[in-house]
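Okay, so here's the structure we're looking at.
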Amino acid sequence: MNNFAYTQAASTKEATTAKEADKQAAFIGGGTTLLDIMKSNIEQHTLLIDINKLNLLGIENAATGLRIGTLERMSDVGEHPQVVQHYPVISQALLASASPQLRNMASMGGNLLQKTRCGYYRDTAFPCNKRVPGSGCPAQQGDNRNLAIFGTSPSCIATNASDLAVALVALEARLTLENPKGATRTVPLADFYKLPGNTPHIENQLQPGELITAITVPAAAHARKSHYLKVRDRASYAYALVSAAVGLDVQGGVIRSARVALGGVGTVPWRVPAVEKALVGKAPTEENFRAAAALAVRDAQPREHNKFKVELAQRTLVRALLEVVA
């Protein structure tokens with residue numbers, strides 16, 4: 001682990017200005033991911049900027065929607081009564097993540113920025129385009145069982161690791177970003193993440209010095225009737241092989257609106273608008289769910305070891321939809 005400096009920011013402006021001034025600096029909240037990758041020499045930072053003293057807390061549910069401060073801990077949000085009642089898919093995704101100890105420490109913003117669990121990225125003995133641009137992607141022909149079948153490129157097939165992001169993308173969440181000049185902008189989370197293309201090391205839209213300050217989720221009937229289903233190799237502390245975040249507004253025996261996103265299968269959280277469109281106007285039956293789920297995998301590009309995810313994604317999606325209407 002390389003030597004680094006540490007400072008505790010007293011304001012958002014102080015934090016963002018320090019980050020902009022040092023390209024090798026990093027913000028630290030819970031530190032549950034950052035310290036691991038620094039210890040493994042996956043990333044090397046000259047400065048850690050502690051943001052825990054900043055006023056970036058709060059879980060507020062209003063008629064227009066939900067607002068969550070980026071420094072709220074995952075466990076606090078996952079167990080919050082208003083989140084459990086009005087946005088169950090978010091609560092379920094959070095409580096299916098990591099372990100209780102990690103959820104007690106990890107921040108919401110940090111979870112959205114966590115690094116992939118691709119073994120080639122995590123092992124510096126191998127080349128990796130995410131870690132060292134232009135060095136190659138051995139996962140293409142190597143051990144790719146846990147990797148992506150959507151949004152891939154010849155440069156990268158690493159899977160986005162966040163359960164939370166899948167739920168938030170399904171519910172059309174937005175991020176508030178603040179820059180060193182104090183200006184803010186909002187970005188749909190679905191647009192925040194970048195597909196790997198030829199630049200897999202550029203993972204999101206963050207500009208130099210920018211900090212995520214809040215997450216907002218619009219209120220909707222499909223948010224109240226939602227579910228997150230995670231399929232993994234073991235029941236606890238494991239990343240998703242496939243997951244599904246779904247929400248349905250069913251009135252008079254007919255689906256009025258639907259929101260669907262998949263996890264464990266995409267280089268970014270993978271929203272499936274074709275499935276949503278196919279469900280609207282239909283009765284919430286298993287037959288209709290199966291027909292719609294088949295559309296979710298039309299563009300899949302599996303590799304040798306992760307072909308099973310094509311079928312598993314459909315089965316997971318159908319199970320999640322059935323849970324909503326049970």
Side-chain angles (χ1 to χ4, degrees), residues 33 74 78 89-99 102-103 106 111-122 130 137 139-140 142-153 156-171 173 189-190 192-196 200 203 226-247 259-275 293-321 323:
T33 291
M74 293 170 61
V89 68
I90 297 176
S91 172
Q92 293 158 5
L94 286 167
L95 298 181
S97 301
S99 66
L102 288 172
R103 292 195 297 269
N111 181 278
L112 296 178
L113 294 174
Q114 68 180 288
K115 298 297 184 177
T116 182
R117 306 308 296 192
C118 174
Y120 297 104
Y121 171 80
R122 295 271 167 171
K130 267 188 180 297
C137 179
Q140 303 281 352
D143 180 6
N144 45 48
R145 176 178 181 268
N146 295 327
L147 302 182
I149 60 174
F150 297 113
T152 61
S153 76
C156 185
I157 58 173
T159 318
N160 182 283
S162 174
D163 294 296
L164 171 64
V166 180
L168 291 177
V169 164
L171 297 187
L189 183 59
F192 176 73
Y193 295 109
K194 290 180 175 290
L195 293 171
E203 299 180 338
S226 58
H227 187 74
Y228 187 76
L229 179 63
K230 181 176 182 177
V231 178
R232 45 189 165 174
D233 284 327
R234 59 181 185 269
S236 178
Y237 198 23
Y239 290 84
L241 289 172
V242 174
S243 65
V246 301
R259 296 294 184 272
V260 177
L262 297 172
V265 293
T267 54
V268 298
W270 201 253
R271 181 134 176 224
V272 199
V275 174
L295 301 176
V297 296
R298 288 185 305 180
D299 299 323
Q301 295 182 310
R303 267 59 176 186
E304 181 179 0
H305 304 298
N306 63 7
K307 294 177 183 177
F308 72 94
K309 289 192 176 188
V310 175
E311 177 66 21
L312 185 58
Q314 296 175 76
R315 291 177 178 268
T316 303
L317 180 50
V318 171
R319 282 179 56 199
L321 290 165
E323 285 290 337

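Keep in mind the model is a prediction, meaning the values are calculated, not measured.
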field: Closest non-hydrogen atom pair, A148 against G266
entry: CB-C, 3.7 Å
- prompt: How many angstroms lie between atom OH of Y239 and atom OG1 of T159, to the nearest 0.5 angstrom?
  reply: 12.0 Å
- request: Quick one: closest heavy-atom pair of C156 and P196, and the distance?
  value: CB-CB, 3.7 Å
task: Give me the one residue out of L168, V169, L112, L113 that meets side-chain contact (heavy atoms from CB on, under 4.5 Å) with F192.
output: L113
- request: Rounded to the nearest 0.5 Å, what's the gap from CG on D143 to OH on Y120? Could you check?
  value: 5.0 Å
field: Any donor-acceptor N/O pair, R103 side chain to A106 backbone, under 3.5 Å
entry: no
query: Do V268 and L195 have side chains that get closer than 4.5 Å, going by heavy atoms?
result: yes
task: Please check if any side-chain donor atom of D163 sits under 3.5 Å from a side-chain acceptor atom of Y228, or the reverse.
output: yes
task: Considering non-hydrogen atoms only, spot the tightest contact between A293 and V318 and give its length.
output: CB-CG2, 3.8 Å
- request: Can you establish whether the number of heavy atoms outside F308 located under 6.0 Å from its atom CZ is more than 12?
  value: yes
message: I'd like to know whether CZ of R319 has more than 12 heavy-atom contacts from other residues, nucleotides or ligands below 6.0 angstrom.
response: no
- line: Separation between SG (C118) and NZ (K130), nearest 0.5 Å, reads 9.0 Å
CG-OG1 distance between L147 and T152, expressed to the nearest 0.5 angstrom: 10.5 Å
query: Does the K230 side chain pair with the main chain of A238, one donor and one acceptor, at a distance under 3.5 Å?
result: yes
- request: Please test Y121 against K115 for side-chain contact (heavy atoms from CB on, under 4.5 Å), starting from the C-alpha separation and ending with a verdict.
  value: CA-CA 9 Å; Y121 171 80; K115 298 297 184 177; 3.6 Å; yes
query: Which pairs, with at least one residue in residues 294-304 and sequence neighbours excluded, count as a salt bridge (charged side-chain N to carboxylate O under 4.0 Å, His left out)?
result: none
query: Where do A294 and Q314 come nearest, in terms of heavy atoms and distance?
result: CA-OE1, 3.4 Å
message: Has N306 got a side-chain atom pairing as donor or acceptor with N146's backbone, closer than 3.5 angstrom?
response: no
query: About how many Å separate CG of L229 and OG of S243, when rounded to the nearest 0.5 Å?
result: 8.0 Å
Check: G264 main-chain N/O paired with K309 side-chain donor or acceptor under 3.5 Å: yes
- request: May I have the step-by-step check of side-chain contact (heavy atoms from CB on, under 4.5 Å) for N111 and M74, ending in yes or no?
  value: CA-CA 8 Å; N111 181 278; M74 293 170 61; 3.4 Å; yes
message: Quick one: does any side-chain atom of S226 pair with a main-chain N or O of G247 as donor and acceptor, under 3.5 Å?
response: no
statement: For V297 and V310, the nearest pair of non-hydrogen atoms, with its separation, is CG1-O, 3.5 Å
task: Check whether any side-chain heavy atom of Y193 sits under 4.5 Å from a side-chain heavy atom of E203, and report yes or no.
output: no
query: Going from CG on L317 to CG on L262, what distance comes out if it is rounded to the nearest 0.5 angstrom?
result: 6.0 Å
- request: Could you tell me whether the side chain of Q140 and the main chain of S153 form a donor-acceptor pair under 3.5 Å?
  value: yes
Audit row: R315, E311, salt bridge (Lys or Arg N to Asp or Glu O under 4.0 Å) steps and yes/no: CA-CA 6 Å; R315 291 177 178 268; E311 177 66 21; 2.9 Å; yes
query: Is the closest side-chain heavy-atom distance between V246 and V89 below 4.5 Å?
result: no
task: Taking all non-hydrogen atoms of both residues into account, name the closest pair between V166 and A261 and its distance.
output: O-CB, 3.6 Å
- request: Dump the intermediate steps for side-chain contact (heavy atoms from CB on, under 4.5 Å) on T116 and N160, then the final yes or no.
  value: CA-CA 6 Å; T116 182; N160 182 283; over 6 Å; no
